[in-house]
Amino acid sequence: MELKYLPIFVYGTLRPGEANYSATLRGRVLARGGAQMPGTQLLLTPAYPFLRFTNNPQDTVTGELLLLHGEIFAEAIAELDELEGYIEEGAEDNLYIRIISHATVADPDQWEGRRQVECYVYVASAETLEKEADDLVISSSGDWTYKDSELDEA
């Protein structure tokens with residue numbers, strides 16, 4: 001897939017305030033704002049979440065849309081691919097796959113008046129979902145910030 005300059009929808013450890021944001025994205029973000037991705041479900045593990053598409057508009061994952069500085073975009077995406085275990089399109093060993101989707105933003109004024117913004121998102125690969133199936137907890141809130149209480153309830 002040819003790399004396009006798009007924001008990234010982050011929903012777990014890459015969200016501002018989380019460990020992987022600090023390690024990989026701090027100082028690289030040009031703009032950010034709250035967003036949701038309808039038709040998706042958040043799957044929890046104690047260490048990190050996975051996102052999968054359900055095509056049910058009632059299922060929604062909450063996160064943030066991050067626009068990275070253009071001059072470091074390709075380098076940052078390469079680092080994120082490595083962090084997320086994304087080897088290449090179609091690779092059987094991908095932990096996540098990087099795809100283009102759309103997020104619904106909280107404040108369209110931040111995104112040139114657009115309510116739906118095209119973006120990259122890392123989603124669980126089919127192989128990962130199969131391998132991790134017994135250990136995944138479906139998030140009732142769709143929000144990683146509630147993971148501790150949701151994992152305790154499981």
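All residue numbers refer to positions in the sequence shown, counting from 1.
- A pairwise comparison of heavy atoms in Arg15 and Thr145 identifies NH1-CG2, 4.0 Å as the closest pair.
- Of the possible polar contacts, one joining the Tyr11 side chain to the Tyr122 backbone as a donor-acceptor pair under 3.5 Å is found.
- Remark: Gln116 CD to Thr104 OG1 distance equals 3.5 Å, nearest 0.5 Å.
- Asn94 contributes a side-chain N or O that, together with a main-chain N or O of Ala91, makes up a donor-acceptor pair within less than 3.5 Å.
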Any chance you could lay out the side-chain contact (heavy atoms from CB on, under 4.5 Å) test for Thr45 and Leu136, step after step, and finish with the verdict? CA-CA 6 Å; Thr45 72; Leu136 298 174; 3.6 Å; yes
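- Taking all atoms of both residues into account, the shortest heavy-atom contact from Ser101 to Phe53 is OG-CZ, 3.6 Å.
- Nearest approach of Ser141 to Tyr146, heavy atoms of both residues: OG-CD1, 3.5 Å.
- The structure places CG of Leu25 at 12.0 Å from CD of Glu18, a figure rounded to the nearest 0.5 Å.
- One finds the SG atom of Cys119 at 9.0 Å from the CD1 atom of Ile8 (value rounded to the nearest 0.5 Å).
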Could you go through the side-chain contact (heavy atoms from CB on, under 4.5 Å) check for Lys4 and Glu118 one step at a time? CA-CA 10 Å; Lys4 294 171 66 174; Glu118 186 177 47; 3.3 Å; yes
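- Not counting sequence neighbours, the partners of Arg114 by the salt bridge (charged side-chain N to carboxylate O under 4.0 Å, His left out) test are Glu112.
- The closest side-chain heavy-atom distance from Pro7 to Trp111 is below 4.5 Å.
- Both the sub-6.0 Å distance and the 45° axial angle are satisfied by Arg98 relative to the ring of Tyr120.
- Looking at Val105, Leu51, Val123, Val117 one by one, the single match for side chain to side chain contact (heavy atoms under 4.5 Å, CB included) with Phe9 turns out to be Leu51.
- With hydrophobic clusters built from ILVMFWY side chains whose heavy atoms lie under 4.5 angstrom apart, Val121 shares a cluster with Leu6.
- Remark: Asp59 does not engage Arg52 in a salt bridge, criterion side-chain N to carboxylate O under 4.0 Å.
- Considering all non-hydrogen atoms of both residues, Pro57 and Pro38 come closest at O-CB, 4.3 Å.
- With values rounded to the nearest 0.5 angstrom, Ser125 atom OG is found 9.5 Å from Glu132 atom CD.
- The shortest distance between side-chain heavy atoms of Leu14 and Leu80 falls below 4.5 Å.
- Enclosure of atom CG in Asn56 by more than 12 non-hydrogen atoms of other residues, nucleotides or ligands within 6.0 angstrom is indicated.
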Extract all donor-acceptor atom pairs below 3.5 Å that involve side chains of residues 60-77 and protein atoms in other chains or at least two apart in sequence.
from  : atom 1 : to    : atom 2 : distance (Å)
Thr62 : OG1    : Gln36 : NE2    : 3.2
Glu64 : OE1    : Arg32 : NE     : 3.0
Glu75 : OE2    : Arg28 : NH2    : 3.1

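- Thr24 places a side-chain N or O within 3.5 Å of a backbone atom of Asn20 that can act as its donor or acceptor partner.
- Scanning both residues, Glu150 and Ser140, for their nearest heavy atoms gives OE2-OG, 3.1 Å.
- Pairing each heavy atom of Ala35 with each of Ala103, the nearest pair is CB-CB, 4.1 Å.
- Every residue meeting the ring pair (Phe, Tyr, Trp, His ring centres under 6.0 Å) condition with Phe50, not counting sequence neighbours, appears here in chain and number order: Tyr48, Tyr96.
- Distance check, rounded to the nearest 0.5 Å: CD1 of Ile97 to CD1 of Ile87 gives 12.0 Å.
- Annotation: the span from Thr13 atom OG1 to Tyr21 atom OH amounts to 13.0 Å, rounded to 0.5 Å.
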